[in-house]
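Worksheet: one structure, shown below.
Residue numbers begin at 1 in each chain, while the letters A, B, ... track the order of the sequences.
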Protein chains: 2
Amino acid sequence: MTAEGEELAGWARMLADGTRATVCLALLDGRAWTASELARLAKVSRPTISEHLNQLVSGGLLTEVRQGRHRYVKLAGPDTAELLEGLAALTPRRTEVANSLAAVSKRDAFARARTCYDHLAGKLGVALADAMTERGLIDWSDGIALTAEGQAWLEDLGIELEVRRGRPALRSCLDVTERRPHLAGAVGAALCKHALRHDWVTHIPGGRALKVTGSVQAFGLPVRVVKELQPGPRET
Amino acid sequence: MTAEGEELAGWARMLADGTRATVCLALLDGRAWTASELARLAKVSRPTISEHLNQLVSGGLLTEVRQGRHRYVKLAGPDTAELLEGLAALTPRRTEVANSLAAVSKRDAFARARTCYDHLAGKLGVALADAMTERGLIDWSDGIALTAEGQAWLEDLGIELEVRRGRPALRSCLDVTERRPHLAGAVGAALCKHALRHDWVTHIPGGRALKVTGSVQAFGLPVRVVKELQPGPRET
DNA sequence: GGGACCGTTCGGTGGGGGCCTAACTGTGGG
DNA sequence: CCCACAGTTAGGCCCCCACCGAACGGTCCC
């Protein structure tokens with residue numbers, strides 16, 4: 001066999017296992033998944049999925065983000081996703097992959113809004129990051145940073161940053177339920193503290209979940225989003 | 001693992017072996033290769049390549065044409081070729097695959113023109129099929145057939161078909177050196193007989209190779225092609 | 001700090017698959 | 001008709017690798 005052949009075979013080998021292929025197809029939704037979720041989906045043990053993820057990551061098909069005790073993996077880039085789509089297109093039927101975790105906790109208060117350490121998470125946290133990005137308060141071009149407008153906006157809200165040694169002012173944090181980044185760091189903490197102090201959000205006893213009031217719109221969120229964040233009349 | 005994952009893995013598994021990958025890359029040139037050639041290229045035994053080709057053909061990635069004691073395989077279609085290109089593009093360097101057989105016999109009389117059973121083959125045979133196709137004498141839309149113009153052309157040349165029971169009038173035959181179809185069947189045989197009778201081509205003793213004269217242009221071949229078919233002054 | 005949970009490492013097991021040699025079938029050329 | 005050659009079948013070898021259970025760090029929540 002030739003060297004090129006061996007190289008091509010190396011790529012193919014990553015997808016040549018049913019478990020790894022299942023993982024990649026699940027990741028086609030563009031979100032980041034944890035190792036345990038993938039193990040459950042693929043119906044294998046955690047040690048097994050761990051090895052598979054090692055292969056896929058070191059092979060360059062997947063990238064990972066380690067966060068606390070979690071290991072999030074997602075497709076390395078749009079090109080690999082495209083390639084995967086092309087291969088998947090060869091299979092006749094293609095059913096939508098079941099996103100078990102999201103489906104289960106979708107209407108849960110936990111998924112709507114909660115604290116993540118000292119900052120806001122859930123749909124609320126992600127929506128806040130989105131809104132600030134849209135309004136030019138955050139610059140993602142090189143890592144993540146506040147723009148001059150962003151700093152002015154914080155001052156307008158009366159928010160002061162707690163400067164602590166070694167802690168970055170603004171950090172992005174992958175949201176557990178939304179799988180998209182929300183805001184952490186000193187800014188994230190200050191925003192959360194601010195919202196709690198003014199009762200824009202309140203802790204729901206027995207967990208990290210938050211109850212959201214209409215006042216959070218003061219963060220500049222779209223009206224539609226704020227409505228979705230508030231529980232219906234029957235819910236707590 | 002899921003059913004879709006298993007399906008995707010099935011496709012990937014075909015390419016997950018260095019030998020099979022090498023075969024597929026070689027076949028990217030669009031030509032048909034024999035099993036032995038591929039075995040030589042991939043540096044494995046003939047039994048081994050036979051099994052690999054079974055897998056690739058039954059998997060739908062390759063199609064085969066059995067012809068006498070030869071087994072020609074080529075990529076199933078342009079879509080699979082495209083997919084393969086996409087995968088191959090992931091590998092950094094891609095060297096041109098060495099087409100050993102063609103390189104060796106390229107300037108050989110055998111490759112230029114010869115008989116194949118009772119019809120013309122080699123560059124001559126393929127060029128003849130091409131020329132007839134270009135002039136609307138052959139219709140490839142459903143199998144292969146002579147058009148009305150084609151039948152008239154044969155009559156003009158003074159060619160009569162030997163009608164034999166069970167033999168199709170016109171058949172395409174995969175050329176050994178060119179890997180593209182030339183003409184067989186009653187028409188192919190008649191054309192060959194005609195060319196030999198009028199000394200447009202003559203047998204080179206000791207083989208099936210033919211010497212080509214300028215008269216073959218009467219078949220309607222392009223001038224450039226006829227020139228290439230004739231050996232240089234030093235050659236036999 | 002205690003308990004729960006996520007993930008990893010280690011050792012062992014079983015199955016699958018790629019490869020070969022030897023022997024056989026079938027085709028084609030002279 | 002006989003030899004040469006393309007390809008296949010059969011049998012066996014061996015390595016790779018997917019998988020699991022058990023045990024072990026790390027992290028987070030209360």
Looking at T34(B), does any N or O in its side chain come under 4.0 Å of the phosphate oxygens OP1/OP2 on dA6(D)?
-> no
Ion pair E37(A)/R71(A), N-O distance below 4.0 Å = no
How close or far is atom C1' of dG29(C) from atom CZ of R114(B), stated in whole angstroms?
-> 14 Å
5' priority, DNA chain C, between R69(A) and L53(A) [closest heavy atom] = R69(A)
On the 0 to 90° scale, with breaks at 30° and 60°, tag the H194(B)-W200(B) ring pair as parallel, tilted or perpendicular.
-> perpendicular
Would you tell me if any nitrogen or oxygen in the side chain of R66(B) comes within less than 4.0 Å of OP1 or OP2 on dT8(D)?
-> yes
Detail all sub-3.5 Å separations between protein N/O atoms and N/O atoms belonging to nucleotides 20-25 of chain D.
from	atom 1	to	atom 2	distance (Å)
dC20(D)	OP2	S45(A)	N	2.8
dC20(D)	OP2	S45(A)	OG	3.0
dC20(D)	OP2	T48(A)	OG1	3.0

Test item: T22(A) side-chain N/O and T2(B) main-chain N/O as donor-acceptor pair under 3.5 Å = yes
For G5(B) and A21(A) the tightest heavy-atom approach is O-CB, 3.2 Å
Phosphate oxygens OP1/OP2 of dC19(D): is one of them under 4.0 Å from a side-chain N or O of T19(A)?
-> yes
Would you please test T63(B) and V57(B) for side chain to side chain contact (heavy atoms under 4.5 Å, CB included) and show each step?
-> CA-CA 6 Å; T63(B) 59; V57(B) 169; over 6 Å; no
Evaluate side chain to side chain contact (heavy atoms under 4.5 Å, CB included) for V23(B) paired with L56(B), printing each intermediate quantity in order.
-> CA-CA 10 Å; V23(B) 166; L56(B) 291 169; 4.1 Å; yes
Detail all sub-3.5 Å separations between protein N/O atoms and N/O atoms belonging to nucleotides 15-17 of chain D.
none

Gap between atoms NE2 and P, on H119(B) and dG28(C) respectively (whole Å) | 11 Å
Specify the separation, in whole Å, of atom CD of E64(A) and atom P of dG7(C).
-> 11 Å
Identify the two heavy atoms, one from H182(A) and one from A129(A), that lie closest to each other, and give their separation to 0.1 Å.
-> CA-CB, 4.1 Å
Hey, is R46(B) close enough to E51(B) for a salt bridge, meaning N to O under 4.0 Å?
-> no
Chi angles and distances behind the side chain to side chain contact (heavy atoms under 4.5 Å, CB included) call for E64(B), Y72(B) = CA-CA 5 Å; E64(B) 68 180 13; Y72(B) 294 98; over 6 Å; no
Side chain to side chain contact (heavy atoms under 4.5 Å, CB included) evaluation trace for L15(A) with W11(B) | CA-CA 9 Å; L15(A) 298 176; W11(B) 284 97; over 6 Å; no
R71(A) side-chain N/O to dT8(C) phosphate OP1/OP2 under 4.0 Å | yes
Between NE2 of H203(A) and P of dC29(D) the distance, given in whole Å, is 11 Å
Spacing of Q67(A) atom CD relative to dG7(C) atom C1', expressed in whole Å | 15 Å
Taking atom C1' of dG7(D) as reference, at what distance in whole Å does atom CG of N54(B) sit?
-> 10 Å
Expressed in angstrom and rounded to an integer, what is the separation of E37(A) atom CD from dG7(C) atom C1'?
-> 13 Å
May I have the distance from L38(A) (atom CG) to dC19(D) (atom C1'), rounded to whole angstrom?
-> 17 Å
Might you point out which heavy atoms bring I49(B) and A35(B) nearest each other, and give the distance in Å?
-> CG2-O, 3.5 Å
I'd like a table of atom pairs between the protein and nucleotides 12-14 of chain D - only N or O on both sides, under 3.5 Å - with the distance next to each one.
none

Verify the distance criterion only: is there a donor paired with an acceptor across the side chains of T48(B) and S45(B) at less than 3.5 Å?
-> yes
